[in-house]
2 protein chains.
Amino acid sequence: MTRVLIVEDERALLRALAMNLTARGYEVTEAETGTRALSAAAAVEHDLILLDLGLPDLSGFDVIRGVRAYAQTPIVVVSARTGSSDKVAALDLGADDYVTKPFNIDELLARLRAAVRRAATPDIVDVVQVGTCTVDLGAKTVTTANGAAVHLTPTEWHLLEALVRRPGKLVTGRALLTELRGTPEHTDPSYLRIYVAQLRRKLEPEPSRPRHLITEPGMGYRFHP
Amino acid sequence: MTRVLIVEDERALLRALAMNLTARGYEVTEAETGTRALSAAAAVEHDLILLDLGLPDLSGFDVIRGVRAYAQTPIVVVSARTGSSDKVAALDLGADDYVTKPFNIDELLARLRAAVRRAATPDIVDVVQVGTCTVDLGAKTVTTANGAAVHLTPTEWHLLEALVRRPGKLVTGRALLTELRGTPEHTDPSYLRIYVAQLRRKLEPEPSRPRHLITEPGMGYRFHP
DNA sequence: GCTGGTCCTCACGGATTCGTCACGCCCGGC
DNA sequence: GCCGGGCGTGACGAATCCGTGAGGACCAGC
């Protein structure tokens with residue numbers, strides 16, 4: 001199931017696109033303003049963002065920047081502006097494609113498919129072992145050694161994913177915070193510690209002596225497989 | 001250096017594109033037919049393929065299929081055909097973008113940049129050998145010969161990076177100090193020695209007889225690969 | 001309105017790291 | 001031979017950072 005976020009202030013077009021994509025099996029989230037788009041993008045991980053440049057509050061460029069600050073989600077821009085300077089700006093800011101209105105729906109769909117296909121990671125490591133626990137990133141489930149299910153809150157999931165997706169790599173505290181919240185910074189770094197501790201309590205065999213969710217003092221955290 | 005393969009049978013356009021891209025620092029290979037394009041793509045690994053659909057021998061679709069059979073090189077199609085069916089077919093066969101003639105050169109260049117950027121591996125693996133130890137600057141890990149992990153403090157990392165990023169070059173003590181702390185100077189230069197010593201103790205086979213973290217008396221330090 | 005769950009702040013004890021001091025060594029100059 | 005400057009090493013307070021517990025704010029469901 002491909003999750004796509006549609007950002008479009010023109011209501012009629014938004015509904016038409018949403019219905020069209022839903023009918024084709026996409027899971028659609030809608031946003032009519034730039035701020036809502038950013039919060040929606042930060043709340044749920046999407047596989048694709050369909051973005052109209054003309055928004056009432058923020059510039060579409062700001063949305064691109066805001067998303068690219070922490071995620072590589074494919075962004076396909078749909079805009080009435082046909083000037084090449086707008087296209088160049090959007091593409092160089094990190095957009096993946098640029099379609100001008102009016103567009104042919106079949107072409108747009110093909111471009112969406114291409115964007116999603118490109119972003120598909122060839123190495124889908126969905127199941128990871130964390131000590132005695134099994135983490136299924138696709139199904140969003142954690143099961144302990146004896147088969148019991150472990151419940152994780154959304155924040156805990158985001159944190160665990162951010163660490164597990166980069167096995168062995170050090171992830172700095174700021175990077176984790178920007179991944180947890182859309183806002184880049186201005187947050188107490190001490191608040192990471194709580195969720196790391198909770199994850200350890202739920203996943204590590206010896207929470208006081210962590211072997212997989214390792215802290216690097218002064219630098220960040222690291223997932224050790 | 002980005003290597004791009006231009007496939008275009010219209011000679012004037014081919015030369016114009018080639019000159020334009022060469023002037024911008026791309027390394028250009030030219031092909032005027034589909035068969036030459038396929039052999040050129042197979043001979044050398046390219047970072048990007050700029051493909052005209054209208055070729056004298058093969059169909060451009062065949063070229064896409066032929067390349068996609070074994071490689072994921074980004075393919076940007078340039079075509080005079082504006083029909084949506086052609087776009088859909090090319091994109092679904094594996095093309096990454098589709099630009100119709102006549103095109104704006106700035107837009108085309110932006111789309112090429114976007115295609116190359118997407119294909120770039122996100123994790124720049126810069127791995128350096130320091131004697132028997134392996135230093136992964138991206139993951140911030142140091143592993144010794146037998147695979148054991150070595151722990152480095154933030155200051156040690158900064159110092160090691162500052163030296164390793166300039167292999168063979170002499171780095172003056174002041175430069176190292178300014179890199180370690182934001183403050184430019186007014187620091188005891190003797191304080192470098194402690195961290196250099198600690199790095200040697202952790203990385204060098206014989207810390208008392210350093211072979212890679214070399215001190216140049218009266219001047220600074222040097223990393224010898 | 002109540003309840004359960006989640007998010008986030010605050011404060012405190014402990015561990016890690018930082019930066020300085022002191023001391024011994026090597027080497028070139030006198 | 002003597003000496004002084006630069007360098008390597010060990011040790012020690014102090015500052016910083018981390019783990020943990022408690023507790024209030026907020027939201028959804030009943």
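Quick note on labels: first sequence line is chain A, next is B, and so on, each numbered from 1.
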**Report entry** Ion pair check, Lys140(A) and Glu161(A), cut-off under 4.0 Å
**Finding:** yes
Query raised in the report: Is the phosphate of dT9(C), meaning OP1 or OP2, less than 4.0 Å from a side-chain N or O of Tyr191(A)?
Result: no
Report task. Salt-bridge test for Asp97(A) and Arg111(B): reply yes if a basic N is under 4.0 Å from a carboxylate O, no otherwise. Result -> yes
Query - Set of residues satisfying side chain to side chain donor-acceptor pair (under 3.5 Å) with respect to Arg222(A), sequence neighbours excluded - result: Glu216(A)
Short N/O separations, protein against nucleotides 26-30 of chain C, under 3.5 angstrom:
none

Requested in this report: Please state how far atom CG in Leu192(B) lies from atom C1' in dG6(D), giving the value in whole angstrom units.
Outcome: 13 Å
**Report entry** Contacts of type side chain to side chain donor-acceptor pair (under 3.5 Å), residue Glu206(B), not counting sequence neighbours
**Finding:** none
Report summary line: Whole-Å distance, Lys202(A) NZ to dG5(C) C1', equals 11 Å
Report task. Would you check, one step at a time, whether the test side chain to side chain contact (heavy atoms under 4.5 Å, CB included) holds for Asp52(A) with Val77(A)? Result -> CA-CA 6 Å; Asp52(A) 183 8; Val77(A) 169; over 6 Å; no
Requested in this report: Check each residue of residues 148-167 of chain B for a non-hydrogen atom within less than 4.0 Å of any atom in DNA chain D, then write out the ones that pass by number, or none.
Outcome: none
Query raised in the report: Going 5' to 3' along nucleotides 7-18 of chain D, which nucleotides have protein heavy atoms under 4.0 Å from the base (write B), which only from the sugar-phosphate (write S), and which from neither (write -)?
Result: BBSS------SB
Query raised in the report: Taking the side chain from Asp96(B) and the backbone from Ile75(B), do they hold a donor-acceptor pair closer than 3.5 Å?
Result: yes
Expected rows: protein N/O vs nucleotides 25-30 of chain D N/O, under 3.5 Å:
none

Query - Under the side-chain contact (heavy atoms from CB on, under 4.5 Å) test, residues paired with Glu27(B) that sit two or more places apart - result: Met1(B), Arg3(B)
Query raised in the report: Do Thr2(A) and Asp47(A) meet the criterion of a side-chain donor-acceptor pair at a distance under 3.5 Å?
Result: no
**Report entry** Test side-chain contact (heavy atoms from CB on, under 4.5 Å) applied to Ala149(B) - qualifying residues, sequence neighbours left out
**Finding:** none
Query - Main-chain N/O of Ala71(B) paired to Arg68(B) side chain as donor or acceptor, under 3.5 Å - result: yes
**Report entry** Salt-bridge contact Arg36(A)-Glu8(A) (side-chain N to carboxylate O under 4.0 Å)
**Finding:** no
Query raised in the report: If an axis is fit to five pairs at each end of the helix from dG1(C)-dC30(D) to dC30(C)-dG1(D), what is the angle between the two, to the nearest 10°?
Result: 30°
Report task. Under the side-chain contact (heavy atoms from CB on, under 4.5 Å) rule, collect the residues that match up with Thr100(B), sequence neighbours excluded. Result -> Thr82(B), Lys87(B), Tyr98(B)
Query raised in the report: If every non-hydrogen atom of Val171(A) is compared with every non-hydrogen atom of Ala162(A), which pair is closest and at what distance?
Result: CG2-O, 4.3 Å
Query - Pairing residues for Thr172(A) by the side chain to side chain donor-acceptor pair (under 3.5 Å) criterion, not counting sequence neighbours - result: none
Requested in this report: Applying side-chain contact (heavy atoms from CB on, under 4.5 Å), name anything that partners Gln198(B), two or more places apart in sequence or on another chain.
Outcome: Glu156(B), Ile194(B), Tyr195(B), Arg201(B)
